Amino acid sequence: MTDASRDQSSQLLSGKHALVTGGSRGIGAAVTEMLLAHGARVTSVNRTSTAVPNRAMAAESRDALHHVTADVSDPESVKKAFEWARGRFGEIAILVNNAGQAASAPFLKTDATLWRRMIAVNLDGTFHCTQAALAGMLAAGWGRIVNIASTAGLIGYGYVTAYCAAKHGVVGLTRALAVEFATKGVTVNAVCPGYTDTDIVKEALANIVAKTSRTAEQAQAELASRNPQKRLVRPEEVANAVAWLCLPGSEAITGQAIAVAGGEVM
């Protein structure tokens with residue numbers, strides 16, 4: 001984001017407390033930076049304390065950004081983290097459920113441990129965090145929940161059965177919540193990125209290289225070829241979609257699963 005656009009947007013979310021899970025890297029870091037640029041105070045929730053925040057972002061935001069450690073698959077851990085966040089910045093007005101993991105395996109080699117891990121982090125984590133934030137939004141009569149799903153929540157991909165199932169669950173949860181709270185001032189949407197230039201995709205590329213005869217360049221070209229634009233999505237492009245769903249003027253947008261994928265899913 002340029003300095004000019006940062007200045008122009010700096011007050012649109014002023015006074016709002018946003019909580020972003022997995023907010024220290026990849027899509028989560030881009031979302032955190034975008035919300036800070038629009039004037040929000042942001043709590044970044046990360047699985048480990050070793051997550052390294054963007055130093056420039058931290059310096060710019062000063063007292064508007066803080067980090068807390070929690071395991072989103074553990075409801076007690078989520079409860080404590082959200083209590084800390086509210087104590088720091090007040091009630092949560094914007095929740096971005098971004099924390100997630102991806103693992104691949106042929107279906108017949110997908111054991112119960114892998115299955116449960118994909119469901120626990122990607123779907124259960126969204127459930128726990130939404131329950132922890134929603135009461136405050138309903139009391140305020142205003143809230144924005146944005147779930148980072150995936151194109152894997154809209155279509156099927158081979159060798160990522162558990163991940164696809166979890167992300168389809170996130171999209172279903174999004175739609176159900178949107179209807180349930182449609183008259184309460186709370187919108188619930190999903191943003192569904194295609195293959196994005198993040199650590200998760202880098203790990204997928206390394207896995208392809210390790211298990212096939214393809215080079216890293218060939219593996220990346222294969223993933224990028226799914227996108228009609230023939231490229232990986234940039235994290236800031238996903239963050240732009242998230243911010244739009246939180247900004248004034250988006251009140252009528254709820255229950256949507258918006259693909260950010262260069263036309264892969266229509």
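Not measured: the values here are computed from a predicted model. Keep in mind that the numbers below use all heavy atoms, side chains included, and drop hydrogens, waters and symmetry copies.
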Leu134 side, atom CG; Phe181 side, atom CZ - distance, nearest 0.5 Å: 4.5 Å
Is any side-chain N of the basic residue among Arg116 and Asp124 closer than 4.0 Å to the acidic one's carboxylate O? yes
To the nearest 0.5 Å, how far apart are OG in Ser104 and NZ in Lys109? 11.5 Å
Where do Thr212 and Gln218 land on the side chain to side chain contact (heavy atoms under 4.5 Å, CB included) test, with the steps shown first? CA-CA 11 Å; Thr212 71; Gln218 290 170 332; over 6 Å; no
Identify whether Leu12 and Trp142 are in the same connected component of the hydrophobic contact network (ILVMFWY, side-chain heavy atoms under 4.5 Å). yes
Evaluation steps, side chain to side chain contact (heavy atoms under 4.5 Å, CB included), between Leu36 and Thr32: CA-CA 6 Å; Leu36 286 167; Thr32 295; 4.0 Å; yes
Any side chain to side chain donor-acceptor pair (under 3.5 Å) involving residues 242-254? Give me the pairs, sequence neighbours left out, ordered by first then second residue. none
Identify, with sequence neighbours excluded, every residue that meets ring pair (Phe, Tyr, Trp, His ring centres under 6.0 Å) alongside His128. none
How long is the span from the NZ atom in Lys184 to the CE atom in Met137, to the nearest 0.5 Å? 15.5 Å
Just list the side-chain donor-acceptor pairs under 3.5 Å for residues 154-167, sequence neighbours left out, or say none.
from: Tyr157; atom 1: OH; to: Thr151; atom 2: OG1; distance (Å): 2.7
from: Tyr157; atom 1: OH; to: Glu264; atom 2: OE2; distance (Å): 2.6
from: Lys167; atom 1: NZ; to: Ile148; atom 2: O; distance (Å): 3.1

Gly262 and Pro228: which non-hydrogen atoms are nearest, and at how many Å? O-CD, 3.2 Å
Heavy atoms only: give me the nearest Thr21-Ala99 pair and the separation to one decimal. OG1-N, 2.8 Å
Please identify each residue that fulfils side-chain hydrogen bond (donor to acceptor under 3.5 Å, both in side chains) with Thr198, with sequence neighbours left out. none
Any donor-acceptor pair under 3.5 Å from Ser73 side chain to Ala120 backbone: no
Ile145 CD1 to Ile94 CD1 distance, which is reported to the nearest 0.5 Å: 11.0 Å
Which residue pairs pass the side chain to side chain donor-acceptor pair (under 3.5 Å) test with at least one member in residues 75-99, sequence neighbours excluded? His66-Arg88, Asn97-Thr130, Asn97-Asn147
Quick one: are Cys129 and Phe82 in side-chain contact, heavy atoms under 4.5 Å? yes
Could you go step by step and tell me if Leu245 and Ile258 meet the side chain to side chain contact (heavy atoms under 4.5 Å, CB included) rule? CA-CA 10 Å; Leu245 292 168; Ile258 300 170; 3.9 Å; yes
Shared hydrophobic cluster, Val45 / Leu95 (ILVMFWY, side-chain heavy atoms < 4.5 Å): yes
Ring pair (Phe, Tyr, Trp, His ring centres under 6.0 Å) pairs touching residues 11-37, sequence neighbours excluded, are His17-Phe89
Side chain to side chain contact (heavy atoms under 4.5 Å, CB included) assessment of Val96 paired with Leu35: CA-CA 10 Å; Val96 182; Leu35 295 177; 4.2 Å; yes
Might you point out which heavy atoms bring Gly100 and Val121 nearest each other, and give the distance in Å? CA-CG1, 3.7 Å
For Ala105, side chain to side chain contact (heavy atoms under 4.5 Å, CB included) partners two or more places apart: Thr110, Leu114
Under 4.5 Å between side-chain heavy atoms, counting indirect links through other Ile/Leu/Val/Met/Phe/Trp/Tyr residues: same cluster for Ile92 and Leu247 or not? no
Could you tell me which residues satisfy side-chain hydrogen bond (donor to acceptor under 3.5 Å, both in side chains) with Glu180, sequence neighbours excluded, listed by chain and number? none
Note: Ala243 and Met34 closest approach over all heavy atoms is CB-CG, 3.5 Å
side-chain hydrogen bond (donor to acceptor under 3.5 Å, both in side chains) with Ser225: which residues, sequence neighbours excluded? none
Linking directly or through intermediates, with side-chain heavy atoms under 4.5 Å: list the remaining ILVMFWY members grouped with Phe107, chain and number order. Leu108
Reported OG1-to-CZ distance for the pair Thr69 and Arg47, which is rounded to 0.5 angstrom: 10.5 Å
Output a table of donor-acceptor pairs, distance under 3.5 Å, between side-chain atoms of residues 185-195 and any protein atom two or more places apart or on a different chain; print 'none' if there are none.
from: Asn189; atom 1: OD1; to: Gly255; atom 2: N; distance (Å): 3.2
from: Asn189; atom 1: OD1; to: Gln256; atom 2: N; distance (Å): 3.0
from: Asn189; atom 1: ND2; to: Ile253; atom 2: O; distance (Å): 2.8

Sequence neighbours left out, what passes side-chain hydrogen bond (donor to acceptor under 3.5 Å, both in side chains) with Arg175? Give chain and number order. none
CD1-CZ distance between Ile27 and Arg234, expressed to the nearest 0.5 angstrom: 13.0 Å
Lys230 atom NZ, neighbour heavy-atom count above 12 within 6.0 Å: yes
Considering non-hydrogen atoms only, spot the tightest contact between His168 and Ala152 and give its length. ND1-O, 2.9 Å
Would you kindly confirm whether Met118 and Val170 end up in one hydrophobic cluster when ILVMFWY residues are joined by side chain heavy atoms under 4.5 Å apart? no
If two hydrophobic side chains count as joined below 4.5 Å and joins carry through other members, does Phe127 share a cluster with Val72? no
Testing the basics here: between Val171 and Gly153, what is the closest heavy-atom pair and its distance to 0.1 Å? CG2-O, 3.7 Å
